[in-house]
Amino acid sequence: MGNQKLTIQEFRARIKTIRESYPHHWETSRKLMASESLAAMLPALLQSIQQASLVPSLQKRLLEVVQQFGQQIKTREIHQTLKELTGLTPSKAVRALIVWGVLAINEKGEGATKDLSTEDLERCLREGRNPYDILVQSPVPSLLDIGAGDLTFEQELVDQYISQLRAQRKLLRLHAFDRLTPGSRVGGVYHKNRDREQYLKSFSSQELEYQFWGGMSVEKFSQVKGALQRYTMCTCHAPANPTFAYEPTRIDRKLMHDHLRYTRGESRLSRYEGEAVLEVSHEGQELTFPPWKFDIVGPLALLQCMTQRSRVGVLSAIDDEVFWELLSQILADDQFRPLNKIFTKENIPEIFGNVYKELVSLSIGERVDLSKIAELRNPMPFGAMSLNKTSPLCKFRYVEIRRGAFWEGIPSSFTARQFSQMREESTPWWIILIPEF
C-alpha cells in the first residue's frame, strides 16, 4: 500500500480515492455488511491494516476500532472514531476500509494503475479531442447517460471502445436512463431501440455491463438500486427543452408557464388510448407529448446530478435556450442570473456581454476554456438544493465550451445528428465539466 507512512489526513484522502477508483468494489461492499459476511471479512482487513504503511498511532487506532466494530455491541465512541479516521459515517467507513484493505488490494498489488486524478482528467481533456478517450485511460471505466433515447450513443460508444478495453481486460460499466416510459405510445423514435439493446446485451459480462432504466427522471435517479455511487463519466445529449431551459431558483414558475404558453401554444392534459398525454396547440397543429413535457426541473438539478455522480460531465448538442441557462448557473457574476428575466435572442447579448461575444465567435469545431473568458462560480449552490445539508462544497475545476451538434469521430446521439435538418435551431453547444469537491 506504499512505503510512505500515512497520517490521518492522508489516509482519509486515500480512502476517498480508493472508494471512487473502484465503484464495482464499493457496490460489492454493501453486501458484505451482513453479520456473517462481515465476520469472515474482518480478519483479512485487520491483516491489511497491520501491513499498511501508516503512522503508528493511526495504525493502532484502526486495529482497535475495526476489532470493536466486529463485536455485536456498537458504541457511540466506536462510531465517532470511525468517522474521525475516515471522514465517513460508520457503515460507509467500514465499507470503504474493506474496499481499501481487501477487495482492491489484489488489483493494486498486481500493479493496477491508480484512478486518474482531477489533474490527470484535466490534462486529458486539454490535450485530447475526444473526451471519451478517458474511458480507455481509466482503470475502472464507467459511464452514465442521462436521457439515453434510442441508444444510438451507447452503440457508437461500445463500437468505438470495446476492442481497446477488451485488449486491456477492462470491464466497461455502461448505465443509462430515460424519462420515457417503455411501452408508451408517445415519444416515437426517442424510445430505446430494441435491436440496439439486444446488441448491447450480447457482449460478455466480463466485457460490458449494460443497464437501462425507463420511466426515470433526474430527480428519482438518486434512489435507484444498482447504480454506481460515482461514474467515470456522465453524459447528457441534447438536454431536454423546456425541462432544463429555465431555472426555478431564478424565474417564477408562473412566469415560466406563461412564457411557454406564449411561445409553444396552449396545452392541456388529455388521454390517448387510455394513456395520459399532453396536447399542445402550436401554429395550427395539435401535437402530442408525454404528460411531463412542460414540467420544469432546471439546469441546477441536472448539473448537481452529473457532478455528484461522475468525475467528468459531458453535455452535447445543447440548444440555445438550455445552453445560456446552464451557463448562467456556472458563471460567478450575478449579472448572468437576472431575477425573473427569461433569456431571449434579444437580451442574451446584453446580459452576457463579452462572454456572449467570445462564445458566438467560435466556429463549428472550435473549443475554449471558459475560465479564460469569465470567472467560474465557487462554490456551486448545490447544498441549498439538497436535503443533506452536510453535502460537500463543489466547484468546477475545468469547464470547456465547444461549438457544434456533433464532432466527427466522437460518439454521438440520434438527436445531435438531427440538428442539420432543424431549420429553426441555431448551432448547438457542448459543455464539458470536471467537478472538484
Side-chain angles (χ1 to χ4, degrees), residues 1-109 112 114-115 117 140 222-231 308-309 311 382-383 386-394 436-437:
M1 294 183 195
N3 296 321
Q4 180 185 0
K5 291 188 179 296
L6 302 180
T7 64
I8 288 182
Q9 290 75 20
E10 292 168 336
F11 180 71
R12 288 174 65 158
R14 179 69 59 83
I15 286 289
K16 180 177 183 293
T17 299
I18 292 293
R19 175 185 169 190
E20 294 175 352
S21 299
Y22 300 96
H24 54 303
H25 288 324
W26 177 248
E27 290 304 310
T28 299
S29 70
R30 188 190 307 275
K31 303 173 184 177
L32 298 175
M33 293 302 290
S35 298
E36 292 184 3
S37 300
L38 185 61
M41 188 66 60
L42 288 184
L45 176 56
L46 289 168
Q47 183 178 1
S48 288
I49 296 171
Q50 288 174 333
Q51 296 173 350
S53 295
L54 308 170
V55 295
S57 59
L58 171 60
Q59 192 168 49
K60 181 175 182 293
R61 293 183 68 190
L62 273 174
L63 287 169
E64 289 176 350
V65 76
V66 170
Q67 287 173 330
Q68 292 168 353
F69 191 86
Q71 302 171 1
Q72 291 186 351
I73 300 176
K74 311 292 190 301
T75 66
R76 180 178 296 179
E77 183 179 358
I78 291 174
H79 290 176
Q80 289 175 340
T81 301
L82 281 169
K83 186 170 185 178
E84 179 184 344
L85 298 180
T86 66
L88 300 168
T89 58
S91 179
K92 288 184 177 180
V94 175
R95 287 176 59 195
L97 288 171
I98 289 173
V99 174
W100 164 79
V102 182
L103 299 181
I105 193 168
N106 290 332
E107 297 178 34
K108 291 180 287 178
K114 291 181 181 179
D115 197 16
S117 65
V140 280
S222 61
Q223 305 168 14
V224 166
K225 293 182 179 180
L228 301 185
Q229 189 74 19
R230 204 164 188 212
Y231 295 80
Q308 290 183 345
R309 299 308 288 261
R311 306 197 65 214
F382 295 147
S386 175
L387 295 176
N388 180 10
K389 299 305 179 183
T390 62
S391 297
L393 297 180
C394 172
E436 192 168 56
F437 293 90

- side chain to side chain contact (heavy atoms under 4.5 Å, CB included) evaluation trace for Phe437 with Leu393: CA-CA 6 Å; Phe437 293 90; Leu393 297 180; over 6 Å; no
- Query: Does Arg309 reach the main-chain N or O of Leu228 with its side chain, forming a donor-acceptor pair under 3.5 Å?
  - Reply: yes
- Taking side chain as C-beta onward, heavy atoms only, is Ser91 less than 4.5 Å from Met33? yes
- Query: Hey, what's the ring geometry for His79 with Phe69, parallel, tilted or perpendicular (30° and 60° as the breaks)?
  - Reply: tilted
- Item | Spacing of Arg14 atom CZ and Gln9 atom CD [to the nearest 0.5 Å] | 14.0 Å
- Item | CG on Leu46 to CD on Gln51, rounded to 0.5 Å | 11.5 Å
- Query: What pairs with Arg311 under salt bridge (Lys or Arg N to Asp or Glu O under 4.0 Å), at least two apart in sequence or on another chain?
  - Reply: Asp115
- Message: Holding to salt bridge (Lys or Arg N to Asp or Glu O under 4.0 Å), I want the full list of residues that pass it with Arg230, two or more places apart in sequence or in another chain.
- Response: Glu20
- Query: Is the side chain of Ser53 donor-acceptor paired with the backbone N or O of Lys5 at a distance under 3.5 Å, no angle test?
  - Reply: no
- Using a 4.5 Å cut-off on heavy atoms from C-beta on, say whether the side chain of Val102 contacts that of Leu32. no
- Message: Any heavy-atom pair between the side chains of Leu82 and Leu97 that's under 4.5 Å?
- Response: yes
- Query: Quick one: does NZ or CZ of Arg19 land under 6.0 Å from the six-membered ring centre of Trp100, within 45 degrees of the ring axis?
  - Reply: no
- Message: Quick check: closest heavy atoms across Ala96 and Ile15, and the distance to 0.1 Å?
- Response: CB-CG2, 3.6 Å
- Message: In the structure I gave you, are the side-chain heavy atoms of Lys83 and Thr89 within less than 4.5 Å of one another anywhere?
- Response: no
- Note on the structure: In terms of heavy-atom contacts, Glu10 and Leu6 come closest through OE1-CA, 3.4 Å
- Task: Compare all side-chain heavy atoms of Ile98 with those of Leu103 and state whether any distance is below 4.5 angstrom.
- Result: yes
- Can you name the closest pair of heavy atoms from Val99 and Ser29 and give their distance? CG2-CB, 4.0 Å
- Once you round to the nearest 0.5 Å, how far does CG of Leu45 lie from CD of Gln67? 10.5 Å
Got a list of side-chain donor-acceptor pairs under 3.5 Å for residues 55-64, not counting sequence neighbours?
| from | atom 1 | to | atom 2 | distance (Å) |
| --- | --- | --- | --- | --- |
| Gln59 | NE2 | Ile49 | O | 2.7 |
| Gln59 | NE2 | Gln50 | O | 3.1 |
| Gln59 | NE2 | Ala52 | O | 3.2 |
| Lys60 | NZ | Glu64 | OE2 | 2.7 |
| Arg61 | NH1 | Glu84 | OE2 | 3.1 |
| Arg61 | NH2 | Glu84 | OE1 | 3.0 |

